[in-house]
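Below you'll find the structure, written out as structure tokens, and then a few comments.
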Amino acid sequence: MTDIHPSAIIEDGAVIGAGCKIGPFCHVGPEVVLAEGVHLQSHVVVAGDTHIGADTVVFPFAVLGAIPQDLKFAGEKTSLRIGARNRIREHVTMNTGTAGGHGVTRVGDDGLFMAGCHIAHDCIIGDRVVVVNQSAVAGHCHVEDDVIIGGLSGIHQWVRIGQGAIIGALSMVAHDVIPHGLVAGQRAQLEGLNLVGLKRRGTAREDIHALRHAFEALRHGDGSFHDRARAIGESSDSAYVQQMVAFIMGDSDRQFLTPAP
């Protein structure tokens with residue numbers, strides 16, 4: 001039930017699911033597991049301890065599961081786990097984890113990874129994430145569901161990007177981004193909320209109003225950024241606002257992008 005081109009190399013030990021299609025000059029390593037319906041178009045390299053979820057399509061010259069680009073990596077056993085129904089375009093690279101991180105790089109379901117983008121070691125990427133052409137997500141980053149990262153952008157290592165946020169093209173993001181935030185700029189700034197994304201996902205009007213009110217309180221409230229977030233959480237019963245507050249109060253190795261006064 002599989003379609004494997006004669007020029008493809010499938011090493012002993014690889015597990016190929018039913019209905020997989022592996023095109024010309026692909027190379028699949030001995031620890032790779034492809035779930036049912038995976039399509040490697042041509043010249044794709046899948047290496048290391050890498051699992052790819054059902055119905056994912058990988059375009060030519062992508063390299064998935066190569067060792068991390070980390071000088072501290074010493075050949076330890078690490079892995080890459082990619083979810084279902086992803087579209088991984090030309091020249092995309094995704095690396096395995098490191099012992100200094102989670103030991104595993106994780107990519108969720110239904111993502112679109114456009115040509116030339118990079119997902120580094122130990123990243124956790126959520127569902128329905130879009131990473132646009134030539135953008136790079138550095139090691140140990142956590143990108144939550146429904147995030148869009150614009151083209152030619154860079155995400156600094158250890159950064160967290162909250163659910164539903166959007167990063168404008170040509171941005172360098174060095175600090176955490178709140179859920180549903182809108183970020184842009186060469187040295188990225190938090191410019192507002194991703195209102196277009198919220199509306200497209202059918203967010204109730206009252207929740208959008210609550211988020212806008214919370215954002216203004218973060219911008220103009222008293223005390224530190226965390227003090228403002230704590231006060232907002234005590235005064236709002238919106239699930240969206242509570243999500244934002246929980247994200248701000250969560251553990252992080254980075255500071256936050258904060259609203260300009």
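Quick caveat: nothing in here was measured; it's all calculated off a predicted structure.
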C141 and W158, any side-chain heavy atoms less than 4.5 Å apart: no
Over 12 foreign heavy atoms within 6.0 Å of NE2, H27: yes
Electrostatic pair R254-D176, nearest N-O below 4.0 angstrom: no
Side-chain heavy atoms of Q243 within contact of H180, under 4.5 Å: yes
E216, CD atom: more than 12 neighbouring heavy atoms under 6.0 Å: yes
Donor-acceptor contact present, side-chain T56 to main-chain G53, <3.5 Å: yes
Output field: ring centroids H121/H140 closer than 6.0 Å: yes
Step-by-step side chain to side chain contact (heavy atoms under 4.5 Å, CB included) determination, H43 to F61: CA-CA 5 Å; H43 299 82; F61 300 103; 3.6 Å; yes
Step-by-step side-chain hydrogen bond (donor to acceptor under 3.5 Å, both in side chains) determination, T98 to D122: CA-CA 6 Å; T98 65; D122 304 294; 2.6 Å; yes
Close side-chain approach of L198 to L211, heavy-atom, < 4.5 Å: yes
Rounded distance [0.5 Å steps], CD1 in I178 versus CZ in F215: 5.5 Å
pair L112-N86: side-chain heavy atoms closer than 4.5 Å: no
R212 atom CZ: more than 12 heavy-atom contacts under 6.0 Å: no
Residues L193, L182; criterion side chain to side chain contact (heavy atoms under 4.5 Å, CB included); working and verdict: CA-CA 5 Å; L193 294 172; L182 185 155; 5.8 Å; no
Min side-chain heavy-atom separation D146-D127 under 4.5 Å: no
T50 backbone acceptor or donor facing S79 side chain under 3.5 Å: no
Heavy-atom donor-acceptor pair, T93 side chain to V63 backbone, under 3.5 Å: no
Criterion side-chain hydrogen bond (donor to acceptor under 3.5 Å, both in side chains) on H118 and Q134, from CA distance to verdict: CA-CA 7 Å; H118 175 63; Q134 307 298 330; over 6 Å; no
Heavy-atom check, side chain of T78 versus side chain of V104, under 4.5 Å: no
Exceeds 12 heavy-atom contacts within 6.0 angstrom, atom CZ of R201: yes
Heavy-atom donor-acceptor pair, S171 side chain to Q186 backbone, under 3.5 Å: no
Heavy-atom closest contact (F247 atom, R160 atom, distance): O-NH2, 3.0 Å
Six-ring centre of F113, R89 cation under 6.0 angstrom, axis tolerance 45°: no
Whether H226 and F256 hold their rings parallel, tilted or perpendicular, with breakpoints at 30° and 60°: perpendicular
Heavy-atom closest contact (I248 atom, A229 atom, distance): CG2-CB, 3.7 Å
Full working for side chain to side chain contact (heavy atoms under 4.5 Å, CB included) between I10 and I4: CA-CA 9 Å; I10 313 297; I4 301 175; 4.1 Å; yes
Full working for side chain to side chain contact (heavy atoms under 4.5 Å, CB included) between I88 and M94: CA-CA 10 Å; I88 301 173; M94 297 181 179; 4.0 Å; yes
Within 6.0 Å of CZ in R87, more than 12 heavy atoms from elsewhere: yes
Audit row: R85, D110, salt bridge (Lys or Arg N to Asp or Glu O under 4.0 Å) steps and yes/no: CA-CA 5 Å; R85 299 176 302 280; D110 299 300; 2.7 Å; yes
E206 CD: over 12 foreign heavy atoms closer than 6.0 Å: yes
Lys/Arg-Asp/Glu bridge criterion (N-O < 4.0 Å) met for K77, D49: yes
T105 side-chain N/O to N95 backbone N/O, donor-acceptor pair under 3.5 Å: yes
CG/D253: more than 12 non-hydrogen atoms of other groups inside 6.0 Å: yes
